[in-house]
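Sharing a structure with you now.
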Amino acid sequence: AIRAASADILSSFEQMQAKNQFAIAQLKDEIRLLHQKIQAGRRPAALNAETWNRQDVDHRIDQMLNQNTSFCLVLIVLRNFKMLASRYSGGVVEEALESLEVRLRDTLGGESMLGRWTSNQFVAILNVSPSNAMAISRDVAQKLMEPYSFKHEGIPCTLVFQVAAGVVDHQAGSDALKFQNKLASLSKALGGGPL
């Protein structure tokens, strides 16, 4: 009778252990799904606010130059992008870039046109004076260099971008070709390479 009771207890214990392991696996799966939903909830802020691509930005710049409109362009270069891309997975870097775009848009406000030119360059077209654009570019560089902390697939990650920013302005009546040359020189000076 004792052996039979022991066998029943052992069998019950094994069943309970299997059920617990199954419950733990379900809980982990639910936590993973919850993290994905949280991350997806954060993304719409970046995705709903339109970030233009290189072609769109180039087209808009050409329009403004042809219309002889005054504007300032803030060029933002992520100097350590290649190093981060080689150190972290593409998903981690992309998530950090999405956070950077949200922070950039929050810093610039809704008045600007934001575009991503290359993998490590962003531009913002502003309708402000050159002195205000310089102040904005300094502010942007400082804020974008603050750490980006998030969880990617349940793993905590912190990335820090090395950011350089500068301004090129075009005044109504000035030569459009000079603007393009100044922009190319600024990109090279900031370490962004050729446009």
Side-chain angles (χ1 to χ4, degrees), residues 27-58 60-61 72-126 128 132-168 183-195:
L27 184 61
K28 284 182 178 179
D29 192 45
E30 287 177 19
I31 290 170
R32 182 183 56 78
L33 289 172
L34 182 61
H35 280 293
Q36 286 176 350
K37 286 181 182 177
I38 290 170
Q39 291 300 328
R42 289 181 185 164
R43 288 190 185 124
L47 300 176
N48 290 341
E50 187 176 7
T51 300
W52 295 40
N53 65 30
R54 172 70 184 261
Q55 217 172 9
D56 295 331
V57 174
D58 281 341
R60 182 68 180 129
I61 290 171
C72 291
L73 184 141
V74 177
L75 178 65
I76 299 135
V77 176
L78 309 178
R79 289 182 162 176
N80 63 337
F81 180 79
K82 287 183 182 177
M83 184 270 296
L84 291 175
S86 67
R87 183 178 294 174
Y88 297 96
S89 73
V92 169
V93 173
E94 198 54 42
E95 214 162 312
L97 285 171
E98 287 173 7
S99 297
L100 179 138
E101 284 184 37
V102 171
R103 192 180 293 178
L104 179 56
R105 191 165 299 287
D106 290 347
T107 305
L108 293 173
E111 302 286 315
S112 63
M113 176 182 156
L114 178 62
R116 186 168 179 189
W117 268 11
T118 65
S119 58
N120 72 327
Q121 294 182 10
F122 289 84
V123 294
I125 298 174
L126 308 172
V128 297
N132 284 346
M134 286 299 293
I136 289 169
S137 75
R138 283 190 296 272
D139 189 37
V140 161
Q142 285 180 334
K143 288 188 175 158
L144 296 183
M145 284 193 284
E146 293 172 6
Y148 297 85
S149 297
F150 52 90
K151 284 191 176 183
H152 181 75
E153 296 179 358
I155 300 168
C157 301
T158 301
L159 269 71
V160 177
F161 290 107
Q162 293 173 1
V163 179
V167 174
V168 177
L183 183 55
S185 297
L186 178 63
S187 176
K188 189 175 180 182
L190 295 177
L195 295 174

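Worth saying up front: this structure is predicted, and the values here are computed from it rather than measured.
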Worksheet item: For Ser137 and Ala165, which heavy atoms make the closest approach, and how far apart are they?
Response: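 For Ser137 and Ala165, the tightest heavy-atom pair comes out as O-CB, 3.7 Å.
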Worksheet item: What is the distance from atom CE of Met83 to atom CG of Leu78, rounded to the nearest 0.5 Å?
Response: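 Here the rounded value is 11.5 Å.
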Practice prompt. Considering non-hydrogen atoms only, spot the tightest contact between Val167 and Leu186 and give its length.
Written response: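 That would be N-CD2, 3.7 Å.
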Practice prompt. Give the C-alpha distance, both sets of side-chain angles, the deciding distance and a yes or no for side-chain contact (heavy atoms from CB on, under 4.5 Å) between Leu159 and Val92.
Written response: CA-CA 9 Å; Leu159 269 71; Val92 169; 3.6 Å; yes
Discussion item. Is any side-chain heavy atom of Lys82 closer than 4.5 Å to one of Asn120?
Written reply: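 In short, these two side chains do not touch, never coming nearer than 4.5 Å.
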Worksheet entry | Flag, side chain of Arg116 to backbone of Ser119, donor-acceptor distance under 3.5 Å |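 Yes; judged by distance alone, with no hydrogens or angles, the pair exists.
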Fill in: Partner residues of Asn80 under the side-chain hydrogen bond (donor to acceptor under 3.5 Å, both in side chains) criterion, sequence neighbours left out
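With neighbours one apart ignored, the set is empty.
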Worksheet item: Tyr148: what forms a ring pair (Phe, Tyr, Trp, His ring centres under 6.0 Å) with it, not counting sequence neighbours?
Response: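 With sequence neighbours excluded, Tyr148 shows a ring pair (Phe, Tyr, Trp, His ring centres under 6.0 Å) to Phe161, given in chain and number order.
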Practice prompt. Ignoring hydrogens and angles, tell me if any N or O in the side chain of Arg60 forms a donor-acceptor pair with the backbone of Met113 under 3.5 Å.
Written response: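 Checking the backbone N and O of Met113 against the side chain of Arg60, no donor-acceptor pair under 3.5 Å is found.
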Discussion item. Show the nearest heavy-atom pair for residues Ser187 and Gln121, with the distance to one decimal.
Written reply: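 Answer, listing the atom of Ser187 first, then Gln121: OG-NE2, 3.1 Å.
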Worksheet item: So, for Phe81 and Val93, which heavy atoms are closest and what is the spacing to 0.1 Å?
Response: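 Phe81 and Val93 have their closest heavy atoms at CE1-CG1, 3.7 Å.
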Worksheet entry | Over all atoms of both residues, closest heavy-atom pair of Thr158 and Ser149 |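 Distance-wise, the nearest heavy atoms are OG1-OG, 3.1 Å.
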